[in-house]
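Report on the following structure.
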Amino acid sequence: MKKKIFIFLLIAIILLLIFFQSQDLSLKILTDQDQLTIEEDFIYHHPHATLFPAVVRSSGKKPVETEYKGIELSLLFESLGVDISDNEKFTFNASDGYRIILSVEELQEPNNVYLTFQRDGKYLKSKSQGGNGPLQLVIRRDPFSQRWIKHVDEIILD
Ligand SMILES: Nc1nc2c(c(=O)[nH]1)N[C@H]1C(S)=C(S)[C@@H](COP(=O)(O)O)O[C@H]1N2
Ligand SMILES: [Mo]
């Protein structure tokens with residue numbers, strides 16, 4: 001009898017761990033009117049998700065040519081019904097405390113700023129799993145990638 005309870009508890013703990021692992025993609029968008037929380041499904045199945053090539057420069061490594069999959073940020077806001085034209089500044093926060101700020105002009109530049117979730121066909125792993133994700137901003141016209149903020153979890157519109 002004790003053995004059965006033990007096995008049951010073990011399975012319950014494993015299921016809970018799987019649940020929390022798969023829930024780590026969540027993005028908050030704060031506007032002056034609203035607070036939106038975007039979940040994994042919305043991002044992974046977004047109709048405007050596209051593939052594009054990029055060269056990744058990670059410190060201490062040779063540059064690598066890769067293919068990212070992501071959503072152009074202006075299209076993401078459009079699909080959420082968020083009008084960005086009255087905002088000047090966009091603050092991106094990451095779970096490790098890293099932060100970057102973009103202007104509305106940069107965001108509206110065609111084919112430049114993408115919220116990415118796959119690299120070379122694989123979902124970006126979270127920081128705790130040793131990856132750059134689950135979400136990473138890729139700025140195609142920032143070749144040295146200082147502003148390619150990894151683990152983005154919040155966007156604030158001002
Ligand atoms: N969340 C987060 N994103 C970040 C950074 C960081 O420290 N934290 N470093 C930036 C810098 S300076 C560079 S060059 C690129 C690549 O960083 P890596 O060399 O650690 O891969 O990520 C950028 N994005
Ligand atoms: Mo860097």
Side-chain angles (χ1 to χ4, degrees), residues 16-80 82 84-85 87-158:
L16 273 175
L17 283 176
I18 291 171
F19 179 75
F20 284 115
Q21 281 267 313
S22 61
Q23 288 293 105
D24 63 7
L25 193 163
S26 137
L27 175 70
K28 270 207 183 91
I29 297 181
L30 307 173
T31 71
D32 46 4
Q33 288 117 28
D34 252 330
Q35 173 170 330
L36 308 168
T37 304
I38 318 272
E39 306 287 348
E40 186 169 292
D41 275 351
F42 186 82
I43 300 283
Y44 287 0
H45 303 115
H46 200 280
H48 290 298
T50 49
L51 296 167
F52 60 90
V55 177
V56 173
R57 292 165 209 276
S58 192
S59 46
K61 290 189 194 139
K62 275 201 256 170
V64 222
E65 287 182 32
T66 57
E67 184 180 60
Y68 271 97
K69 187 172 189 179
I71 310 155
E72 200 177 339
L73 220 73
S74 53
L75 297 176
L76 179 75
F77 285 124
E78 207 179 290
S79 70
L80 290 166
V82 174
I84 59 169
S85 57
N87 295 285
E88 283 166 19
K89 166 180 131 184
F90 296 76
T91 305
F92 295 82
N93 287 321
S95 57
D96 64 347
Y98 200 75
R99 165 180 293 176
I100 65 143
I101 294 172
L102 296 181
S103 66
V104 68
E105 289 79 17
E106 284 174 291
L107 271 195
Q108 286 173 331
E109 242 180 80
N111 312 316
N112 191 27
V113 183
Y114 290 80
L115 186 71
T116 69
F117 57 89
Q118 271 187 9
R119 183 176 148 183
D120 298 325
K122 293 194 193 80
Y123 286 106
L124 301 180
K125 289 187 187 137
S126 65
K127 184 175 156 69
S128 61
Q129 294 170 309
N132 286 358
L135 294 172
Q136 181 181 19
L137 203 74
V138 171
I139 303 173
R140 296 179 69 183
R141 284 193 269 286
D142 172 9
F144 298 106
S145 67
Q146 284 104 324
R147 298 192 302 165
W148 293 23
I149 180 168
K150 306 179 262 188
H151 334 297
V152 199
D153 59 9
E154 191 176 66
I155 308 174
I156 301 165
L157 281 61
D158 290 297

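First listed ligand is number 1; within each ligand, the first listed atom is number 1. Model, not experiment: these values are computed from the prediction.
Checking side-chain atoms of R57 against main-chain N and O of P143 turns up a donor-acceptor pair under 3.5 Å. Judged purely by atom type and a 3.5 angstrom limit, E106 uses its side chain to pair as donor or acceptor with the backbone of S103.
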Would you mind writing out a table of all protein N or O atoms found under 3.5 Å from any N or O atom of ligand 1, naming both atoms and giving the distance to 0.1 Å?
residue, atom, partner, partner atom, Å
ligand 1, 1 (N), D96, OD1, 2.9
ligand 1, 1 (N), D96, OD2, 3.2
ligand 1, 1 (N), K150, O, 2.9
ligand 1, 3 (N), K150, N, 3.0
ligand 1, 8 (N), D96, OD2, 2.7
ligand 1, 19 (O), S58, OG, 3.4
ligand 1, 19 (O), S59, N, 2.6
ligand 1, 19 (O), S59, OG, 2.8
ligand 1, 20 (O), K150, NZ, 2.8
ligand 1, 21 (O), S58, OG, 2.6
ligand 1, 21 (O), K150, NZ, 3.4
ligand 1, 24 (N), W148, O, 3.0

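Aromatic ring pairs are classed by plane angle as parallel below 30°, tilted from 30° to 60° and perpendicular above 60°; the pair F42 and H46 is perpendicular.
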| query | What do the steps show when you test F92 against I155 for side chain to side chain contact (heavy atoms under 4.5 Å, CB included), and what is the final call? | reply | CA-CA 5 Å; F92 295 82; I155 308 174; 3.7 Å; yes
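Ring centers of F52 and Y114: under 6.0 Å apart, within the cut-off.
Counting only N and O atoms by type, the side chains of R99 and N93 include a donor and acceptor under 3.5 Å apart.
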